[in-house]
Amino acid sequence: GSAQPHNGSEGYPLRSLYFDTEYDGDFFDKESGIEVRKKLRLRLYDPTGDFAVLEMKQKQGEQQHKRFLRLIREDAQRLIRCDYSSLLWYPEPFAANATP
């Protein structure tokens, strides 16, 4: 992941952790210029906060679709440890399809 300030000198820290397939398929799709591709990341907007946001950006040519899922901190920590089972507890359809 990376930490970067946003919104100028009055910004906030943003940390992102990107997920990929076992053999880095999402990365290679982007590098190869594949038209239909996705990016899955976990974002923490406040290091002391009680939640994180799982985001998926899908691209097909010029069209883009973003989906978001707000996770409690404990579930975000499970994802970091490669335990995706907590996603099944969320009712949003995106949660069931978000596993890397």
Side-chain angles (χ1 to χ4, degrees):
S2 61
Q4 30 185 306
H6 287 271
N7 200 19
S9 63
E10 301 298 316
Y12 55 92
L14 172 65
R15 292 196 166 94
S16 298
L17 175 64
Y18 289 83
F19 294 90
D20 204 333
T21 63
E22 182 178 2
Y23 298 105
D24 299 325
D26 296 337
F27 171 77
F28 288 117
D29 284 352
K30 180 172 175 55
E31 288 294 303
S32 299
I34 302 294
E35 186 175 338
V36 179
R37 60 186 186 268
K38 69 175 173 38
K39 183 182 337 182
L40 184 64
R41 67 184 168 210
L42 184 65
R43 280 212 155 153
L44 186 63
Y45 291 92
D46 177 1
T48 62
D50 60 353
F51 75 94
V53 179
L54 185 64
E55 304 175 351
M56 181 182 286
K57 183 168 42 169
Q58 295 172 293
K59 288 188 86 169
Q60 182 168 357
E62 295 298 315
Q63 294 184 353
Q64 231 181 158
H65 181 64
K66 279 185 163 181
R67 293 189 279 175
F68 304 90
L69 180 66
R70 185 176 167 141
L71 302 173
I72 62 171
R73 187 176 189 92
E74 292 79 14
D75 290 343
Q77 290 171 333
R78 284 183 181 93
L79 290 183
I80 292 168
R81 294 189 307 266
C82 297
D83 175 0
Y84 309 114
S85 63
S86 63
L87 290 175
L88 299 176
W89 305 337
Y90 291 84
E92 295 87 345
F94 167 49
N97 297 316
T99 57

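- Of all heavy-atom pairs spanning E55 and F94, the tightest one is C-CZ, 4.3 Å.
- Contact detail for T48 and R73: the closest heavy-atom pair is C-NH1, 4.1 Å.
- Considering only residues two or more places apart in sequence or on other chains, D26 meets the salt bridge (charged side-chain N to carboxylate O under 4.0 Å, His left out) condition with K38.
- Distance check, rounded to the nearest 0.5 Å: CE of M56 to CZ of R67 gives 5.5 Å.
- Closest of all the heavy-atom pairs between R70 and Y90 is O-CE2, 3.5 Å.
- Under the 4.5 Å side-chain heavy-atom criterion for Ile, Leu, Val, Met, Phe, Trp and Tyr, L87 and I80 are members of the same hydrophobic cluster.
- There is no path of hydrophobic side-chain contacts, each under 4.5 Å, that joins L69 to L44.
- The salt bridge (charged side-chain N to carboxylate O under 4.0 Å, His left out) analysis of residues 79-93, with sequence neighbours excluded, yields no pairs.
- With values rounded to the nearest 0.5 angstrom, K59 atom NZ is found 6.5 Å from K30 atom NZ.
- Atom CZ of R43 and atom CZ of F51 lie 12.5 Å apart (nearest 0.5 Å).
- The two residues F19 and L79 come nearest to each other via the heavy atoms CE2-O, 3.7 Å.
- Tracing side-chain contacts under 4.5 Å through hydrophobic residues (I, L, V, M, F, W, Y), one reaches I72 starting from L54; they form part of the same cluster.
- Remark: Q64 CD is packed, more than 12 non-hydrogen atoms of other residues, nucleotides or ligands lying under 6.0 Å away.
- Between L71 and D75 the shortest heavy-atom distance is CB-CB, 4.4 Å.
- Here the shortest heavy-atom pairing between L42 and A76 reads CD2-O, 3.7 Å.
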